[in-house]
Trainee: 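Below is the structure I would like to discuss, written out as structure tokens.
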Amino acid sequence: MSDKNGKLSWIRDEVSPQNRKWEEFYRNRWQYDKVVRSTHGVNCTGSCTWQIHVKDGIVTWEMQGLDYPKLESGIPPYEPRGCQRGISFSWYLYSPLRVKYPYIRGVLLDLWKEARKEFTDPVEAWESMVNDPGKRKRWQNARGKGGFRRADWETVKEISAASMVHTIKQHGPDRIAGFSPIPAMSMISYAAGARLMQLVGGVSLSFYDWYCDLPSASPETWGEQTDVQESADWYNAKMLAVMGANLNMTRTPDVHFAAEARHNGTKMVVFSPDFSQVSKFSDEWIPINAGQDGAFWMAVNHVILKEFHHDNQTPDFIDYTKRYTDSPFLVEINNSNDINRPGQMLRANRLSQYQDIENGDWQFLMWDETDNRTKVPQGSAGNRWAKENKGKWNLKLEDNVDGSKIDPALTFLKNSDEIIDIEIDNFAEGETTQRKVPVKYIETKNGKVAVATVYDLLMAQYGVGRGLEGYPTSYDKDELYTPTWAEKYTGISPDTLIRFAREWASTAEHTGGKCTVIIGAGINHWYHANLMYRAAIHALMFTGCIGKNGGGLAHYVGQEKLAPGESWASIALAKDWHAPSRLQNTPSWHYIHSDQWRYEKSFTDYHTVPKNQPENTLAKGHTIDVNVKAVQNGWLPFYPQFETNPIDLVSEARENGAIDEKGVVDYVVEKLKKRDLKYSIEDPDNADNWPRVWFVWRGNAIGGSAKGHEFFLDHYLGTHTNQVSDSNFAKGSTEEVVWHDKVPQGKMDLVVDLNFRMDTSALYSDIVLPAATWYEKDDLNSTDMHSFIHPLQEAVPPAWESKSDWDIFKNIAEAFSKISSKHFPDTVEDLVSVPLLHDTPAEIAQKEIKEWIKGEVEAIPGKTMPNMKIAKRDYKNIHNQFISYGPNIPRNGLGAHGTSYDVKDEYQRLIDETPVEEWNGNIYPSLKEAKNVANTVLTLATVTNGELAYRSYKNMEEKTGLVLADLAEKNRGARVTFDDLCSQPKRLLNSPMWSGLTENGRAYSPFTYNVERLIPWRTLTGRQHFYLDHPGYIQYGEHLPTYKPKPTPTQYAELTTSESEHKTKIFNYLTPHGKWHIHSTYGDNHRMSTLSRGVEPFWINDKDAEDLGIVDNDWVEVYNDNGVVVTRANVSARIPKGIVVIYHATERTLSVPKSPLRGNKRAGMNNSLTRARLKPNLMVGGYGQFTYHFNYWGPTGANRDTYIMVRKLPILNW
Amino acid sequence: MDIRSQISMVFHLDKCIGCHTCSIACKNIWTDRKGTEYMWWNNVETKPGTGFPTRWEDQEKYKGGWELVNGELKLKSTSKVKTVTNIFHNPNMPTMDDYYEPWSYKYKDLFDAPAGDDQPTAKPISMVTGEYMDIEAGPNWDDDLSGSPIYAENDINLDVLSEEQRDQLFAIERLMMFYFPRICNHCMNPSCVASCPSGALYKRGEDGIVLIDQKRCRAWRKCIAACPYKKTYYNWNTGKSEKCILCFPRVETGQAPACFHSCVGRIRYLGVLLYDADRIEETAKHPDHELVDAQREMILDPFNENVIREAKKNGIADSTIKAAQESPVYKFVKDWGIALPPHVEYRTLPMLFYVPPMLPVMSSQEGDSVRSINEEYFPDFEKARTPIKYLAKMFGGGNESHLRYVLKKQSAIRAYRRAVTVGDIDMLDAEKALIEADCTPQEADKIYKLTSLCTFDDRFVIPAAHREEAIEMMKDPLEHKQEAGFGFRDAPARGR
């Protein structure tokens, strides 16, 4: 085989260009006409910059952009960003799944045409159809079952607008709802529909809480929705604990920072019941039992407190705990029937010397070790909302009254007045135990009270004896919160846990707090997620890791960070025209309106609370009862508001002599007090209280986002359903709502979906509007994974008949205005009811739970009950308002999270330099085109306009009495335009709206602003809270960190009516984020389905599968009372026994056979097996950080404690 | 000495995410056409697993690569005798079952289904027949230990393990997986090139990229059988075989290949190696356990004056020599010795090298309780979940010492960097461990920097292609400038 030179004959490289002319074959393919920067408007948090390649006017492929500006040296760069899903997006544009034209259900179109023949007015036509139960039922029944017809834009716009006008007239504008999730992923598109909703008085539905992405422990601890480090900061961490987050799967473009940190000496420990993808990067994989992470961290805290706070008092940890947490604050110990339990924090005005202090109910006390007396530190909510004693809202350890320095006592161990027994709840074993705690007695106006420091209570709770009686004497004792105790739940040996805890604390000690917990949906979707999070957060707080680069709680679930928030919100929520907005917490809305509440009894069936409850406790009964109280007391919103149309209500008040807004509100309050007027939530199944028209865009509200999907099909849509639960299950177990034996089916009159693909929501909607893809529109995208802001751009014009979301809602607004001039020739008054809001003085509204409805307290809007305001709706000018940036902006300025700044000059600049709208003799900056909107957002936000950041810091200086404006000084002249973003990603500027500092390429880490500049957290004490003293939390036993057992299948009652006679087992059903999709997007495209198994499979352990006679790739039927899924088995040793996984947000549209168990009807999707459960203590409000804010506070849509059965599918039927 | 330059690659498996972004970057551009649906020039496999096509590493079945017969290198798949007798049939070629039948869905039904009493769904259909199909295989079927009793447990590399070790791999004690991204290795001793009866395969002189001439190819498909990595594929539409082209149109214009560009784990490195082609035969004849060292020996020091002189004599441009001196691949493979060739025992001398992964420490299980068996701060690599023997089968020609060397060095560097950045590991201990791992603090810093802090330009050092010189051999480059792109294109097709 050798040639004449003695060399192997094939070792003969080809160099002749002549022989290689054919190579142009491949060279020709690598050609394109232009490259355009864009990104993907999908809720993945990635926010990657992409280069879209266009050839012959067609998008051919995409490649990542590489031109992120670098951060400080010593941190790996951000290139490239983008994953397997993102790079497959171009498939959608020209795919057979693309929605190219408007579609409408045939039966609806026929009825419409018929009605339009009869009525020239479209509103009357709609009325004739929707008020005819037979007709209404016809199109409801047809939902999801084929029969789509291509329609023209004029028709679908007209139907949409007519249904809205009709609903406003007959029921009220708050029966129109819009759902679109995660504005940050394409904020202008979100703003489009939200703006229309808020202009007409409709309802914007939240998402972050509904998706269960909101980590409730974050507002509980920090008064903050979520604020986390950008992924580059992982590289600064020297210990990474990863739990409930599968970085390769879900943080694909970021995981390299973790992988790379390891090579720089970082230790990485992964907690996961399965050998998850990220486990491969770990030094130790801790195969913790599913949902038991809380138990692990409780015991970690036991070890840390014992060894690093008591045996060795690590100076940095002690100092940090004193300065930045509520540890030194004093808590009153209540004695009832000789049992001592910690109560609320001692209020300053309970002491005679402080009785006249401003906001004295909201000023708290520390014990000064040097002066040996109580002191009132600055920085509390009382200081924040002070009207007289201003400029004291800061974290300086100084007394609020006399200005003296404070030397806070963390513990009374050495100088207590007495050591008393405190009752500790042991929910795991259903017992209580007594532990000794040192207390002092303080003389109050009402006598002597025992007080303990939060720190001493924590020591008691975590079981660290410090020489006191009644505590575990060693780690080997199986007593509450020892490593040996934890082992029972976690399945992890005590020595593994102890070693972890020691390495954790020691790393923090050596590095000044560089330990990071990366945490995600794998934890956050459990019913008791807030407790699991809190336990992990405490390990960070005890070791001084919060507010440090390389340290902190890195929670990434949902792209919640909309960086240019102030200006964007003014447009999206139409604050430029109206205040306030109707913003609904979706968990309550869906739980109640889709009737999921009717399928469970008392929440204490599965939620363990302390035994001896006071009368009127919040900790008993049915979840909906707590929710009703939450609405009545102003803690949570609920729409519709009242059984009466809020427009009619104002008219009625006017007719009864109300002259001004106050008169109207007084009139309504009187009616409510007399019970002549009821809140809609009190009778949700009454047709007067149903939501009627629903717009869905940028999301999969009926599919991937529908926990309790089958209940949606039943009660919202009135079409077929595979749920077999008893709709009268709750009968007799509720107190606050009217019961109807007949459950409503089909509450929704019309569902309109904007979509570029035929997903489950589109398939079940009445009207599908063709939306532009992410490569066909201009928009903005930001994230918390990095500190840049990205554009989406129109690489090619919207294909076929599609339009951008902005243009679609603008066009609907136009159709709406046109129809409205007849029905609403004049401005009408709409009474808007809103709950008590975070970052307003309502944070100090309700010190105790007192219900006006029971006469326990006066009914005062904005204080003891929801606030009410009149919005003047100019319906015929809705289109003009939509495209004009309204007059409230120069009048009121902008702000967010409690900041504010003036923008008059910038507003004028928009008028002078950008397109304008002129109508009714006024001139406004134009919002007609999406690009104008983007530029308006960028011009007026602090993160993209240095001068405005400067002003905002100046404003914060007034509030805090601190020097802060230097943080913006250097970049005062910086401004960013849309065109700038298109040329290169731009880093966000320092802004007081956010808590991380980013100057000089420093990686963003949250709360560095608080720790370094002494800005209070937005909590009761202004510190990070270990102790949650809301009376409701005390009733639920969650005032202290604790462990609560997981609900069991029997308690959850989702396997009551399901068949179990055949060979089956019960499994805990987990639905984590998957590899081949971002929620439901991408999973249905050709690339992703090819690289997976052609379906989203059912992962099951090999031994479990063997027991059930299931072989890999067999079809299986997975079911419970909520519904059924038919898919194929993926048998893997990677999955532990007893749990099964279907990666979440599957689609019913793709490869779903029929279910023999459910009447041979089409099986469902992953949410067919789920149902939302709301945790009631997350509903409290009007109290410090427990005060409502959209997507920020409120119960979350937990769904992880679900159980299912499975069997091999007996027959495959399509 | 016959010095040649080759663009070579390193994949750092410790950083690999298993995301497959690389695969799709490639697919979007190159294999999204009729006839190429099933081709994945770049694919990513889960290990343990059987890969794509399934069990491709089983050369008993596929007969790929070279074997040593009486001291001579022979293609396993073919010989003159075999070629004649099996002219129209090769029993060792993968069939559609070994790959998969490409499928799509009847998406149209979602729009067009008539009103009925149940919901429509898009059923799977074959892209070959257009008919309904039951999906039973895919290009990534055993991803993340999917179907592990059928796939992972039948990974051929597990054959070197004891029964006990094998069992542990599928239980809590040792459960593990890692990812193995693969492209054409653009081998120094390519069996595909040697097997082609039409002479359609060749290795490009300037960069060593192995190509199949789309005009000369006559669909013998010998290359498919001969390539032990199964990285050539038959296009049933054009009747030509195709394979990874290392994105030469991009490389020629100074851009990284698409799969490298898109690697979001930042695991890929690309750069020039110089080697002595005179030594290929001798090298490929070494016994299995010596092959790694022998192949490394062939790679020449680009700073050596003699090498530079000989290279220039062979027409290698200054710019290429400079690129070779800056090559990250040279550093990983030669300077630091931590990147190893895959299945070197196939004797094709692959020019893609892998840094093997570090995996978490093993556990022990007593009753319901699991314990990490770690005693050290970082896991001892001997106690890591991946058996060294297994890795050695993949990356060491069975020689475990290479794997120990790499893993020890990586471990020592981590401990050293911790001593520098945290200080809870004693610096003296860390330095001692470095010495034991054949490393110095200076080298440790270089390795960690190129591993962790690397920029795009650090990872990809692409030599100038000097296209003007190649074009000049046919026509005036000025003329080319004026004419480029004009003309009618004629795609290759069956018989053309």
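Each chain gets a letter, A, B and so on, in the order the sequences are listed, and its residues count up from 1. In what follows, every heavy atom counts, from backbone to side chain, and hydrogens, waters and symmetry copies are set aside.
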Trainee: At a heavy-atom distance under 4.5 Å, which candidate from A:Glu1106, A:Lys1154, A:His263 has the highest pair count against chain B?
Mentor: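 Among the listed options, the one with the most contacts to chain B is A:His263.
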Trainee: What part of B:Asn43 gets closer than 4.5 Å to chain A, counting heavy atoms only: side chain, backbone, both or neither?
Mentor: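 Neither; nothing under 4.5 Å.
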Trainee: Heavy-atom cut-off 4.5 Å, strictly under: side chain, backbone, both or neither for B:Asp14 against chain A?
Mentor: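 Both parts, heavy atoms under 4.5 Å.
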Trainee: Considering only heavy atoms, which portion of B:Ala419 lies under 4.5 Å from any heavy atom of chain A: side chain, backbone, both, or neither?
Mentor: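 No part of it gets close to chain A.
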Trainee: Quick one: what part of B:Pro190 sits under 4.5 Å from any heavy atom of chain A, side chain, backbone, both or neither?
Mentor: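 Contact with chain A: backbone and side chain both.
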Trainee: Given heavy-atom pairs under 4.5 angstrom as the criterion, report whether the side chain, backbone, both or neither of A:Arg149 touches chain B.
Mentor: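 Answer is neither: A:Arg149 stays 4.5 Å or more from chain B.
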Trainee: Taking the six-membered ring for Trp, are A:Trp1076 and B:His20 parallel (under 30°), tilted (30 to 60°) or perpendicular (over 60°)?
Mentor: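 Perpendicular: the ring planes of A:Trp1076 and B:His20 meet at over 60°.
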Trainee: Examine whether an atom of B:Met127 lies under 4.5 Å from a heavy atom of chain A, and if so say whether it belongs to the side chain, the backbone or both; otherwise answer neither.
Mentor: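 Interface part for B:Met127: side chain.
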Trainee: Identify whether the distance between the nearest side-chain nitrogen and carboxylate oxygen of A:Glu260 and B:Lys15 falls below 4.0 Å.
Mentor: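 Looking at A:Glu260 and B:Lys15, the cut-off is met.
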Trainee: Any side-chain heavy atom of A:Lys238 within less than 4.5 Å of one from B:Arg418?
Mentor: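 A side-chain contact exists here, since the closest heavy-atom pair is under 4.5 Å.
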Trainee: Looking at A:Met249, A:Arg262, A:Glu24, which has the largest count of heavy-atom pairs under 4.5 Å with chain B?
Mentor: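 If we count pairs closer than 4.5 Å to chain B, A:Arg262 comes out on top.
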Trainee: So that I can tick it off, tell me whether A:Arg20 and B:Glu206 are bridged by a salt bridge, with the cut-off set at under 4.0 angstrom between side-chain N and carboxylate O.
Mentor: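 A salt bridge links B:Glu206 with A:Arg20.
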Trainee: Quick one: what part of B:Ile135 sits under 4.5 Å from any heavy atom of chain A, side chain, backbone, both or neither?
Mentor: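 Both parts, backbone and side chain.
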Trainee: Which bit of A:Asn19 comes within less than 4.5 Å of chain B, counting heavy atoms only: side chain, backbone, both or neither?
Mentor: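 For A:Asn19, the backbone is the part near chain B, not the side chain.
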Trainee: Going through the distances and angles, do A:Lys280 and B:Met176 end up as a side chain to side chain contact (heavy atoms under 4.5 Å, CB included)?
Mentor: CA-CA 7 Å; A:Lys280 97 170 251 277; B:Met176 65 104 177; over 6 Å; no
Trainee: Test of understanding: with salt bridge (Lys or Arg N to Asp or Glu O under 4.0 Å), list the residues that count as partners of A:Glu487, not counting sequence neighbours.
Mentor: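 Result, salt bridge (Lys or Arg N to Asp or Glu O under 4.0 Å) vs A:Glu487: none returned.
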Trainee: Need one label for B:Glu376: side chain, backbone, both or neither, based on atoms under 4.5 Å from any heavy atom in chain A.
Mentor: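 B:Glu376 touches chain A through backbone heavy atoms alone.
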Trainee: So what's closer than 4.5 Å to chain A heavy atoms on B:Tyr100: side chain, backbone, both or neither?
Mentor: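 Interface part for B:Tyr100: side chain.
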Trainee: Please identify which of these residues, B:Arg467, B:Lys215, B:Arg204, meets the salt bridge (charged side-chain N to carboxylate O under 4.0 Å, His left out) condition with A:Glu23.
Mentor: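 Exactly one candidate clears the test, B:Arg204.
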Trainee: Sort B:Gln365 into side chain, backbone, both or neither according to what part of it lies under 4.5 angstrom from a heavy atom of chain A.
Mentor: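 Neither part.
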Trainee: Out of A:Ser282, A:Gly86, A:Pro1153, which one racks up the most heavy-atom pairs below 4.5 Å with chain B?
Mentor: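 Top option by heavy-atom pairs under 4.5 Å: A:Ser282.
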Trainee: Please tell me if the side chains of A:Tyr235 and B:Leu453 come closer than 4.5 Å, counting only heavy atoms from C-beta onward.
Mentor: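 SC-SC contact between A:Tyr235 and B:Leu453 confirmed.
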Trainee: Which bit of A:Leu1212 is near chain B, if near means a heavy-atom gap under 4.5 Å: side chain, backbone, both or neither?
Mentor: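 Contact with chain B involves the side chain of A:Leu1212 alone.
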Trainee: What do the steps show when you test A:Trp1214 against B:Tyr132 for side chain to side chain donor-acceptor pair (under 3.5 Å), and what is the final call?
Mentor: CA-CA 11 Å; A:Trp1214 290 98; B:Tyr132 164 77; 2.9 Å; yes
Trainee: With only heavy atoms counted, which part of B:Tyr105 is less than 4.5 Å from chain A, the side chain, the backbone, both or neither?
Mentor: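 B:Tyr105 touches chain A through side-chain heavy atoms alone.
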Trainee: Please look at B:Met188 and chain A and tell me whether the side chain, the backbone, both or neither of the residue comes under 4.5 angstrom of a heavy atom of that chain.
Mentor: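 Interface part for B:Met188: backbone (N, CA, C, O).
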Trainee: Taking every heavy-atom pair that is under 4.5 Å apart, which of A:Val1111, A:Asp1112, A:Leu1091 has the most such pairs with chain B?
Mentor: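 Between A:Val1111, A:Asp1112, A:Leu1091, the count favours A:Leu1091.
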Trainee: Taking the six-membered ring for Trp, are the ring centroids of A:His256 and B:His12 within less than 6.0 Å of each other?
Mentor: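 When the ring centroids of A:His256 and B:His12 are compared, they turn out to be at least 6.0 Å apart.
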Trainee: Side chains of B:Ser146 and A:Asn1130: do they bring a donor and an acceptor to under 3.5 Å?
Mentor: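 Side chains of B:Ser146 and A:Asn1130: pair found under 3.5 Å.
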Trainee: So is B:Arg216 actually on top of A:Trp22's ring, under 6.0 Å and inside 45° of the axis?
Mentor: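 Ring-cation test returns no.
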Trainee: Between B:Arg266 and A:Pro77, is there a side-chain heavy-atom distance shorter than 4.5 Å?
Mentor: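 Answer yes - side chains close enough.
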Trainee: Is the shortest side-chain N to carboxylate O distance from A:Arg150 to B:Asp112 below 4.0 Å?
Mentor: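 No, this pair does not count.
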Trainee: Is A:Arg1093 salt-bridged to B:Asp143, cutoff N-O under 4.0 Å?
Mentor: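 Salt bridge flag = no for B:Asp143 with A:Arg1093.
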Trainee: Please classify the contact of B:Pro120 with chain A as side chain, backbone, both or neither, using a heavy-atom distance under 4.5 Å.
Mentor: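 Both backbone and side chain.
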Trainee: Would you say the side chain of A:Arg27 lies within less than 4.5 Å of the side chain of B:Glu252, judging by non-hydrogen atoms?
Mentor: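 Sidechains of A:Arg27 and B:Glu252: in contact.
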Trainee: May I ask you to check if A:Lys267 and B:Tyr377 form a cation-pi contact, with NZ or CZ under 6.0 angstrom from the six-membered ring centre and within 45° of the axis?
Mentor: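 So A:Lys267 does make the cation-pi contact.
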Trainee: Does any heavy atom of chain A fall under 4.5 Å from the side chain of B:Cys263, the backbone, both, or neither of them?
Mentor: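 The backbone, not the side chain.
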Trainee: Hey, are A:Lys145 and B:Asp118 close enough for a salt bridge, meaning a charged N less than 4.0 Å from a carboxylate O?
Mentor: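 Salt bridge flag = no for B:Asp118 with A:Lys145.
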Trainee: Would you verify whether the NZ or CZ of B:Arg250 falls within 45 degrees of the ring axis of A:Trp30 while also being under 6.0 Å from that six-membered ring's centre?
Mentor: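 Yes.
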Trainee: Given a strict heavy-atom distance threshold of 4.5 Å, which part of B:Ile245 is in contact with chain A: side chain, backbone, both, or neither?
Mentor: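 Only the side chain of B:Ile245 comes within 4.5 Å of chain A.
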Trainee: With no hydrogens and no angle check, just 3.5 Å: does a side-chain donor-acceptor pair link B:Asn28 and A:Arg1087?
Mentor: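 Their side chains do contain a donor-acceptor pair, which is all the 3.5 Å distance test asks for.
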Trainee: Mind checking salt bridge (Lys or Arg N to Asp or Glu O under 4.0 Å) for A:Arg98 and listing every partner two or more places apart, or none if nothing turns up?
Mentor: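 For A:Arg98, the residues satisfying salt bridge (Lys or Arg N to Asp or Glu O under 4.0 Å) (neighbours in sequence not counted) are A:Glu776.
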Trainee: Could you verify whether a donor N or O on one side chain and an acceptor N or O on the other, from A:Gln277 and B:Asp144, lie under 3.5 Å apart?
Mentor: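 Side chains of A:Gln277 and B:Asp144: pair found under 3.5 Å.
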